[in-house]
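Residue indices begin at 1 and follow the sequence shown.
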Amino acid sequence: MTRDTDRPVAIVTGASRSQGRAIALRLAREGYDLSLAARSEEAMRDLQQDLANEGAYSLVTAVDLTDCEERKVFVARTLAEMGRVDILVNNAAVSSLVKFVDAEWEDVSHQIDLNLEAPMHLSHLVLGDMVNRGSGKIVNISSIATSASLPVLTTYRTTRSGLEYFTKALRSELEGTGVSVTAVLPSGIADPRMTKSLEAGSGVRLEGAVAMGIVSATKIANDVVAVIKNDKVEKVLVA
Ligand SMILES: NC(=O)c1ccc[n+]([C@@H]2O[C@H](COP(=O)([O-])OP(=O)(O)OC[C@H]3O[C@@H](n4cnc5c(N)ncnc54)[C@H](OP(=O)(O)O)[C@@H]3O)[C@@H](O)[C@H]2O)c1
């Protein structure tokens, strides 16, 4: 499929399944072409076909976003092949249901790299171009878990809170540039691997954020498009 260079471009991370997939499809219906990032190339190739059916060109990059060099290559490839980035949706994240005191440091570090450092780095990599053009939008998917009472999610909650803080701080720094940043904070997401793996075998019942209700991936995707259009500082999503 050849790309129509008049179409705006959106990056979606964690696009191989669940809400990342839904967000990419929703943006395609809004007229965006997509640059997709995750590790599972095959799943993104499936999505690429669905995006083509919506009339959207997409670029698939299998990338481990915990790796600083891979992030640089991914954004450079997007800019080289698609010309610009109008929207960055930082969606990819992982969590572990383990007490901080019992956690392997490698796991803590992995969550910090993917959930906080990667969105900050990707923002840094696309912002120069956005500010030069005087337009662009970054949407950071965080979680309502930042403010809920959840046991054994200390690292995850810390990374999500950090992302929320980064969103607010960067938003004020960017005032007047034409570029803005918004956080979307869902409660539980319908049938994602994340929630399942959290409860699997842990013996810990998730309360708090998940008890606030399960939000469908479609609703989250619709709200991502709504905040792109309405430019809110933050959007909390509960069922
Ligand atoms: N699940 C919930 O109930 C819930 C609630 C509130 C907020 N959220 C937020 O919603 C977002 C998505 O959550 P989800 O439940 O949709 O997660 P998910 O189903 O586990 O999907 C995570 C995505 O991230 C990608 N990913 C994981 N590790 C990666 C890595 N090292 N490099 C690149 N990509 C990687 C995965 O693809 P690959 O495995 O192919 O790499 C997948 O596409 C997160 O920001 C999360 O904080 C989730």
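Checking side-chain atoms of Gln48 against main-chain N and O of Ser58 turns up a donor-acceptor pair under 3.5 Å. In this structure, Arg39 contributes its side chain and Ala62 its backbone to no donor-acceptor pair below 3.5 Å. Remark: the backbone N or O of Ala10 is not paired with any side-chain donor or acceptor of Asp86 at under 3.5 angstrom. Checking side-chain atoms of Arg17 against main-chain N and O of Ala43 turns up no donor-acceptor pair under 3.5 Å. When atom types are taken as modelled, the side chain of Arg157 and the backbone of Ala145 share a donor-acceptor pair closer than 3.5 angstrom. At least one donor-acceptor pair closer than 3.5 Å links the side chain of Thr13 to the backbone N or O of Ala92.
A 4.5 Å side-chain heavy-atom check between Leu174 and Ile138 finds every atom pair outside the cut-off. When side chains are defined from C-beta on, Val89 counts as touching Leu27, because their heavy atoms get closer than 4.5 Å.
A salt bridge is absent between Arg21 and Asp46; no separation between the charged side-chain nitrogens and carboxylate oxygens falls under 4.0 Å. Salt-bridge check for Lys72 with Glu69: passed, with a basic side-chain N closer than 4.0 Å to an acidic carboxylate O.
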- Check step by step if side-chain contact (heavy atoms from CB on, under 4.5 Å) holds for Asp223 and Val215. CA-CA 11 Å; Asp223 278 60; Val215 184; over 6 Å; no
- Task: Would you sort out whether Leu122 and Leu65 count as a side-chain contact (heavy atoms from CB on, under 4.5 Å), showing the intermediate values?
- Result: CA-CA 9 Å; Leu122 293 175; Leu65 290 171; 4.2 Å; yes
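A side-chain donor from one of Glu164 and Thr146 sits under 3.5 Å from a side-chain acceptor of the other. Asn115 and Arg160 share no side-chain donor-acceptor pair at under 3.5 Å.
Phe166 is connected to Val181 through a chain of hydrophobic side-chain contacts under 4.5 Å among Ile, Leu, Val, Met, Phe, Trp and Tyr, so both are in one cluster. Under a hydrophobic-cluster definition in which Ile, Leu, Val, Met, Phe, Trp and Tyr are linked whenever side-chain heavy atoms come within less than 4.5 Å, directly or via other members, Ile141 and Ile87 are assigned to the same cluster.
The minimum heavy-atom distance linking Val63 with Ala37 is given by the pair CG1-CB, 3.6 Å. Across Leu163 and Pro119, no two heavy atoms sit closer than the pair CD1-CB, 3.6 Å. Nearest approach of Thr182 to Lys137, heavy atoms of both residues: OG1-NZ, 2.7 Å. The two residues Leu36 and Phe74 come nearest to each other via the heavy atoms O-CE1, 4.0 Å. The shortest heavy-atom contact between Arg7 and Asp33 is NE-OD1, 2.6 Å. Heavy atoms only, all atoms of each residue included: Leu25 and Glu54 are closest at CD2-CG, 4.3 Å.
Considering CE of Met120 and CZ of Arg71, their distance stands at 10.5 Å, rounded to 0.5 Å.
Checked options Ser96, Ser143, Ser161; the residue passing with Tyr156 is Ser143 (criterion: side-chain contact (heavy atoms from CB on, under 4.5 Å)).
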